[in-house]
Every structure is written in C-alpha cells, then in structure tokens.
Visitor: 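Quick one: the structure is below, and I'll ask about it shortly.
As the structure lists them, so they are numbered: ligands from 1, and atoms in each ligand from 1.
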Amino acid sequence: MSSQLSNTSFKFIALGAGNEVGRSCHILSYKGKTIMLDAGVHPAYQGMASLPFYDDYDLSTVDILLISHFHLDHAASLPYVMQRTNFKGRVFMTHPTKAIYRWLLRDFVRVTSIGENSILDKDDNLYTDEDLVESFDKIETIDFHSTVDVNGIKFTAFHAGHVLGAAMFQIEIAGLKVLFTGDYSRELDRHLNSAEVPPLPSDVLIVESTFGTATHEPRLNREKKLTQIIHSTVAKGGRVLMPVFALGRAQELMLILEEYWTQHAEELAGNQVPIYYASDLARKCMNVFQTYVNMMNDDIRKKFRDSQTNPFIFKHISYLKNLDEFQDFGPSVMLASPGMLQSGISRDLLEKWCPEEKNLVLITGYSVEGTMAKYIMLEPDTIPSVNNPDITIPRRCQVDEISFAAHVDFQENLEFIEKINATNIILVHGESNPMGRLKSALLSNFASLKGTPEEVHVYNPRNSVDVVLEYKGVKVAK
Ligand SMILES: [Zn+2]
C-alpha cells in the first residue's frame, strides 16, 4: 500500500477504459485491501500496445481480480496478468463467463499470434495457448447472489444483462460498499435478465458511460427496422453482412432473425435466402448457450419448457467455420466475426461485397474509435485492403447502423444511478466526449443536493490518474 495514503482513503485508478472504450481495468484500494476489476485489451491496438497500463501499478499487491464478462475488452488480457506479471491474487468470474472465456481466448490467441496474417513479431505475443490453459485452472467461479469473503473483502455478483454470464459486483471492505457495473443493460431482451439493483445501497458507484447522453429507440422499433432493411436488401438480390462479436449479442440477433424467417417462410425459408453464422467458435459456443438456458430470463425458459426444444437450436441458420465451405450465390445474410471488421472472416467478406451497391453492411454493435467498423460508418469512397494497405477497394454498398449493443442509454443509466443512491460516482468505459456530457448531465440532475451531506460527486478520470475519497472510520450503514 502506498504510504502517503491515510487509513481512511479510498483510492481508485483506471489502468484502462479511463476516458476511452477498451482495455477495461480498474484498481480499488481501501484499508490495505486491493481489488482489480476486469483485465481487457483495446480492440484498436495490437500486442503490448493493446494492454491496460499495467506498468503503472504493482500488481503483486492485488488481493482479488473480478472479471465482469467475457468480452475481449474486459477479459482478454487476463492470461497475460496471471502468467506474465507478478500478480498473485485470486481470480473470480461467473460460470457461463468462464465456459465461454475458454473458447474465446483460444481463438484470440490464434488470431493474434499464429495465423498467417499475423501482424505481430513473435516477441509481441501477449501469451500462448499454454499460458491460457494454465491460467484457466486457477480461475474460480462464483454464483449470482452469493457472497464470497476473501480475507475481509466481501463481494457479490448481480445480473448485469448485456451478455450471458455478465455480472455487476458489489464489493464491501470494512463497511464501505462499492458497486461496479461492468457493461450493463436495463432493457428486457429476448434471452437475458436485465440488470438488477442490489438490495443494499452503495457508497461508491463505478459505472459505464458508453452511450453518454444518447437515447435508444425502443427495442421493438429497432427490431422492425432491422428485419425490414434486411428483407428489402435480400429481396433486391443483395447480400447482408452483419459484423458481430462471435458471442453474446450475436445470439440475440439470431433469435430475431430465426423468428422473422419462420414468419416469412414462403419468401425466405428453405434456402431461398440462407442465414449463416460464420465464426470458428460457432458450434462450441452454441453449446454453451444451449447449456445455460437456466441463467436466462423467464421468457426464454418458458419457451424452452413449452416447446421442449432448445431455443438456441436454429432451423434457418447454418454454421460456417470459415469461408472455404461457403458458396456465394445469390442473396444471403451473414453474421460474421470479428465485430469491428479488424481482420478475419467479417473483413474478408466486407472487402468482397463492398464494391456492389445492392449489398448492405449492417453495424449492430458498439464500434470502438480506430476500428474499421467505426470508419465504414463514415461511408468512405474506398477502404484499404487488410492484407495490403496499398490496395484500396471501392465502397459502394449501403452502410447502416442499428444498435443492439445492450448498453444502457442516458435515461436507463440515470434511472439506475438514482436508485443506487451513491454520493460518489466514477465514470468509466466511454469516449471522452460522451463521458463528459454524461458527467455534466448528472451534475445538473443532482444540483439540488449541492452543499448538503448528500451532495453527489462525479469523477471522469483519465487512465493512471488517481481518484482519492475520504471515508472516516468504519462506515455506518445508511
Ligand atoms: Zn461488453
């Protein structure tokens, strides 16, 4: 523990996701205990440059590391932390997160270190398959709603919505309660529970700010727009490319498309317009979804019980491991990873299909600054080829964005923040501008409490900048 801090200081530092989206990693310390939250990579960078600023902190002091969900920007540097640094704490995640993490990171290692298109030198590999396997055995799993105590640090996982297995953590040290949302959503979707408000209040709230003060359209409108634009594109003979992260939101989109294809079977089904899910992980990951239906919402569990068939076994969607087995004749809908078109299957198809006007690239996830998914939305005349940046490819296809990213919008975030009722709010996981706008909106929302003991403080720290809060003695419960 740093010596200039008094025993009553709570300290927060972002090693990543401070005024950015990507490489989430935060450190909390209070009364000599240290907790690390998430260990991600930044999707716009490669190799060591994609890591959080681990050099700025002595990781050997960390007692526990909690992983909120399996997305790469929250979990993909975990094997590096566990195998390649002086970290010696315990690591916890929920059961579905661990099940999916295993396959995802194996794929991540393959894509970043071995593949023919490897952009990295051997020395710049973050970790190997062996690191991954060794680290996997040391990860402990937790159930939702049961409290774990590690040497005086208590923590509990709550449902966060967002993706299967995603958790919010409420952490308690010597009476001080901190809630970390990770990525979360409050809107009910087709398969997930929405984020819950923990029964006990929190003193400090660390909350995502992805969408800043923006407003989402209601889900039913978005679903309608999505199916309409896809239907009209394929009716013209066009191909639809939906870049998706292999797991998580892709399964929600598949539930929507499967239902729509069943309802419009005469025009679409029976291979008239095939839907593909193209990912190395497709089959393995669908097994995880088929296994953890019990962790999903009542809606999908009821469907499961009533029909006696697994809702994640699809009639109208086929799996592709790679593009060798794909015969590209006529209209089709392709969900392909990775979601930000950095490389791989989705990028190959983008380069193949984007010169044709009748084709459509449909972005449904959150696109991080610096990635092709963000760039394509500016509708550039040409894009660089991933294998040879000197070659440019004309872009004439349509580009559209309909968000199914499952992050809260401003109203949902504000409502949740008010329910948590913390007097210190730390914003993370947002680009500077949306995060700054969210901060101003929160401060004006809570302006009437200014100068009272309930005054709400809002912080938007950059990476590696401390936030220090004073909590005198053991906190008395509110
Ligand atoms: Zn996420």
Visitor: Using ring centroids (six-membered ring only for Trp), state whether Y184 and F416 fall under 6.0 Å.
Guide: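 Centroid separation for F416 and Y184: below 6.0 Å.
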Visitor: Check E196 with K419, please: is the shortest side-chain N to carboxylate O separation under 4.0 Å?
Guide: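 So K419 does not pair with E196 through a salt bridge.
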Visitor: Look at the N, O or S atoms of D183, main chain and side chain alike, and state whether any lies under 2.8 Å from the Zn ion (ligand 1).
Guide: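 Within the cut-off used here (under 2.8 Å), D183 does place an N, O or S atom near the Zn ion (ligand 1).
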Visitor: Do the ring centers of H407 and H216 come within less than 6.0 Å of each other?
Guide: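 Between H216 and H407, which both carry aromatic rings, the centre distance is not below 6.0 Å.
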Visitor: If you check every N/O/S atom of H69, which is the one nearest the Zn ion (ligand 1)?
Guide: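 For H69, the N, O or S atom at the smallest distance from the Zn ion (ligand 1) is NE2.
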Visitor: Of all N/O/S atoms in H71, which lies nearest to the Zn ion (ligand 1)?
Guide: ND1
Visitor: Quick check on the 6.0 Å ring-centre criterion: do Y276 and F326 meet it?
Guide: yes
Visitor: Restricting to N/O/S atoms, is H162 within less than 2.8 Å of the Zn ion (ligand 1) or not?
Guide: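 A backbone or side-chain N, O or S atom of H162 is under 2.8 Å from the Zn ion (ligand 1).
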Visitor: If I take every N, O or S atom of H407, is at least one of them less than 2.8 Å from the Zn ion (ligand 1)?
Guide: no
Visitor: So does K303 pair up with D298, basic N to acidic O under 4.0 Å?
Guide: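 Salt bridge: no.
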